[in-house]
Amino acid sequence: MATEPENICCREIEQVTRRMQQLQVTPSCMVDHPGMDPVCLNVFSLQNAFNIYRADYGPLRLRGVQHRYRFLAYRSFVSWCWGFLGRKVRVVIPSCVVLRIRREFPDAQGSYVGFRPPID
């Protein structure tokens, strides 16, 4: 990952390990969790997340379907593990999850923003 704060393992984040430990057999990595695909990577779930986003916040101004899916996948993961965070509250997503989402919904130029703390 581009910055040190983004280089974090899923097992280092309490909210993520809590989600992993809800299974009978705890996976060694969050990307192996059986809920990862249906919650964060399934395009039909992301289309639904897009409809909810539009109803709550208005249009999503991102170019390209891959960018939109990537954004919604990150939001879905955060919602799944942390719940609702509130305005201007951001968390770092584990690098394994970020890389898995990027692999599923790649940027054509390989250009990614990474974590940005909220601006006051």
For Arg70, all residues meeting side-chain hydrogen bond (donor to acceptor under 3.5 Å, both in side chains), sequence neighbours excluded: none
Please tabulate, for side-chain N and O atoms in residues 26-44, each donor-acceptor pair with protein atoms closer than 3.5 Å (sequence neighbours left out).
| from | atom 1 | to | atom 2 | distance (Å) |
| --- | --- | --- | --- | --- |
| His33 | ND1 | Gly35 | N | 2.8 |
| Asn42 | OD1 | Phe44 | N | 2.8 |
| Asn42 | OD1 | Ser45 | N | 3.0 |

Single-linkage hydrophobic cluster Phe71~Tyr112, side-chain heavy atoms < 4.5 angstrom: no
Contacts of Gln66 that satisfy side-chain hydrogen bond (donor to acceptor under 3.5 Å, both in side chains) - sequence neighbours left out: none
Hey, can you pull the donor-acceptor pairs under 3.5 Å for the side chains in residues 97-109, sequence neighbours left out?
| from | atom 1 | to | atom 2 | distance (Å) |
| --- | --- | --- | --- | --- |
| Arg100 | NH1 | Glu104 | OE1 | 2.9 |
| Arg100 | NH2 | Glu104 | OE1 | 3.2 |
| Asp107 | OD2 | Gln109 | N | 3.0 |
| Asp107 | OD2 | Gly110 | N | 3.1 |
| Asp107 | OD2 | Ser111 | N | 3.0 |

For Glu4, all residues meeting side-chain hydrogen bond (donor to acceptor under 3.5 Å, both in side chains), sequence neighbours excluded: none
Throw together a table of side-chain donor-acceptor distances under 3.5 angstrom for residues 49-63, partners on residues two or more places apart or in other chains.
| from | atom 1 | to | atom 2 | distance (Å) |
| --- | --- | --- | --- | --- |
| Asn51 | OD1 | Arg54 | NH2 | 3.2 |

Backbone N/O of Leu72 and side chain of Ser76: donor-acceptor pair under 3.5 Å: yes
Pairs flagged by ring pair (Phe, Tyr, Trp, His ring centres under 6.0 Å) wherever residues 9-31 is involved - sequence neighbours left out: none
Partner residues of Glu14 under the side-chain hydrogen bond (donor to acceptor under 3.5 Å, both in side chains) criterion, sequence neighbours left out: Arg18
Set of residues satisfying side chain to side chain contact (heavy atoms under 4.5 Å, CB included) with respect to Ile8, sequence neighbours excluded: Glu12, Ile13, Val92
Non-neighbouring partners of Glu6 that pass side chain to side chain contact (heavy atoms under 4.5 Å, CB included), sequence neighbours left out: Met1, Ala2, Thr3, Phe115
SG-CD distance between Cys81 and Gln15, expressed to the nearest 0.5 angstrom: 8.0 Å
Nearest non-hydrogen partners of Pro94 and Cys9, listed with the distance: CB-C, 4.2 Å
